[in-house]
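For clarity, every value in this text was computed on a predicted model and none was experimentally measured. First listed ligand is number 1; within each ligand, the first listed atom is number 1. The basis for the numbers below is simple: all heavy atoms, side chains too, and nothing from hydrogens, waters or symmetry mates.
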Amino acid sequence: MKETKFTMNYSFPKNAWYACARDVEVKKELFARKIANEPLVMYRTSDNKVVVLQDACWHRLLPLSKGKLINDQVICGYHGLNYNKEGRCTYMPSQETINPSACVKSYAAVEKHRYIWVWMGDPAEANESKVPDLHWNNDADWAGDGEVIYGKCNYRLILDNLMDLTHETFIHGESIGNDAVAEAPFEVTHTDNSVTVTRWMLDIEPPPFWKGQLGKEGNVDRWQIINFQAPSTITIDVGVALKNTGAFEGDRSQGVNVLF
Ligand code: FES
C-alpha cells in the first residue's frame with residue numbers, strides 16, 4: 001500500500017506573540033525549542049529575566065543550546081564564542097578584535113500568566129500589552145496547572161479542532177459530548193485579530209462527565225465560549241449549571257466551570 005506523507009512546509013506570522021514555554025520550563029540553563037520554524041535557545045539570567053536568542057551560532061551555526069551558560073553569557077560549544085543576552089558576541093578565543101557583525105538574533109520576550117511569550121518579528125513592534133490574556137493561570141480562585149503536549153500536525157488543525165467543538169458529539173460521546181453540542185445554535189464575533197464562538201445549550205441533559213462534575217440530578221444550562229487570538233492562542237471557557245439558575249444571565253454560582 002502506498003504511504004501518504006504529510007509535509008509541514010508552511011509559514012507563520014512573525015509579528016505576533018507566541019507562548020514558547022511554560023514558566024517552569026525555563027531555568028538558569030540553556031533550553032531549546034523551535035517556534036514558528038525558528039530554533040530558539042532560552043535561559044534565565046542571574047536576576048531571573050528570560051532571554052531568548054536564535055539557537056544557531058554566528059560562526060558555524062552550531063546550536064547554542066549545546067554550549068554552556070556562564071555568568072549570563074552563552075558559550076558556543078564548538079569554538080567558544082561568547083554571546084551576551086542581547087545576542088552580541090563579547091569574546092572570540094584567539095582573536096584580538098571582534099567582528100562587529102558577530103551576533104545572533106535576540107527576540108523580545110515577556111513572562112506573563114505562567115508562560116514565556118516570544119515575539120518572532122521585529123522587536124521594535126513588540127507591544128507587551130498585546131500578550132494574550134491568560135490571567136486565570138495566576139488567579140487564586142482557579143486551581144490547576146499545565147503540561148506540554150506535542151501535536152505532529154499543522155498547528156492550524158489544532159486551532160480548527162478547538163474552535164469547532166461539535167466533534168465532541170461524535171468523538172467524546174461517552175464523556176463530554178451529546179447531541180446538543182452539534183445541534184445548538186452558536187454566535188461568532190470577531191475583531192481584527194480575534195474570534196469568539198459562543199454556544200449556549202439550555203435545559204439539556206448533561207453528558208456523563210459534566211453530570212459527574214456537577215454532582216446533582218436534573219437538566220442543565222451548558223456553555224462553551226471559545227476565544228482565538230491570532231496566531232495561535234485559544235482559551236475555552238466551558239461549564240454547566242442546573243437549568244434556570246442564572247448561568248446564562250451571568251451567575252455561575254450554581255455550576256461548575258473549567259477554563260483551558
Ligand atoms: S560554531 Fe560557534 S564558535 Fe564556531
Side-chain angles (χ1 to χ4, degrees), residues 5-128 130-131 146-156 231-233:
K5 291 205 183 294
F6 298 94
T7 58
M8 291 195 282
N9 294 323
Y10 43 89
S11 60
F12 297 85
K14 294 294 182 180
N15 277 338
W17 288 109
Y18 288 82
C20 63
R22 297 176 60 221
D23 56 356
V24 294
E25 290 183 288
V26 182
K27 306 181 176 78
K28 288 172 181 159
E29 57 192 48
L30 301 176
F31 173 76
R33 178 158 288 156
K34 188 178 280 189
I35 297 292
N37 265 348
E38 292 188 33
L40 307 178
V41 58
M42 323 170 196
Y43 62 93
R44 287 183 188 275
T45 59
S46 47
D47 59 355
N48 223 31
K49 296 279 189 323
V50 174
V51 175
V52 181
L53 302 175
Q54 177 185 6
D55 194 15
C57 181
W58 169 84
H59 182 218
R60 291 289 181 263
L61 301 179
L62 189 89
L64 291 176
S65 54
K66 294 188 181 300
K68 290 182 178 165
L69 181 65
I70 299 176
N71 296 330
D72 293 343
Q73 302 239 344
V74 180
I75 318 301
C76 180
Y78 200 175
H79 311 98
L81 265 64
N82 292 16
Y83 296 93
N84 64 15
K85 58 185 170 39
E86 286 80 32
R88 178 157 296 285
C89 179
T90 59
Y91 176 68
M92 285 183 179
S94 313
Q95 301 289 321
E96 291 184 359
T97 58
I98 297 176
N99 185 325
S101 69
C103 55
V104 296
K105 184 175 177 182
S106 170
Y107 297 82
V110 171
E111 182 167 4
K112 196 169 185 181
H113 301 150
R114 304 290 315 279
Y115 284 96
I116 308 301
W117 300 86
V118 63
W119 181 267
M120 299 302 295
D122 179 0
E125 302 273 327
N127 181 343
E128 189 174 334
K130 299 281 174 62
V131 171
E147 64 178 310
V148 176
I149 301 173
Y150 287 95
K152 291 185 178 179
C153 65
N154 186 316
Y155 77 103
R156 288 173 293 190
S232 61
T233 303

Using atom types as modelled and distance alone, determine if a side-chain donor or acceptor of Trp17 lies under 3.5 Å from a backbone N or O of Asn127.
-> yes

Measure distances from atom 2 (Fe) of ligand 1 and count the protein N, O or S atoms below 2.8 Å.
-> 2

More than 12 heavy atoms of other residues, nucleotides or ligands under 6.0 Å from CG of Asp122: is that the case?
-> yes

In sequence, state the C-alpha distance, the side-chain angles, and the governing distance for Val26 and Arg33, and then conclude on side chain to side chain contact (heavy atoms under 4.5 Å, CB included).
-> CA-CA 11 Å; Val26 182; Arg33 178 158 288 156; over 6 Å; no

Tell me the ring-ring contact (aromatic ring centres under 6.0 Å, His included) pairs involving residues 56-89, sequence neighbours left out?
-> His59-His79

Would you tell me whether Ser65 and Asp55 have side-chain atoms, one donor and one acceptor, within less than 3.5 Å of each other?
-> yes

Is there a donor-acceptor contact under 3.5 Å from the side chain of Asp72 to the main chain of Ser46?
-> yes

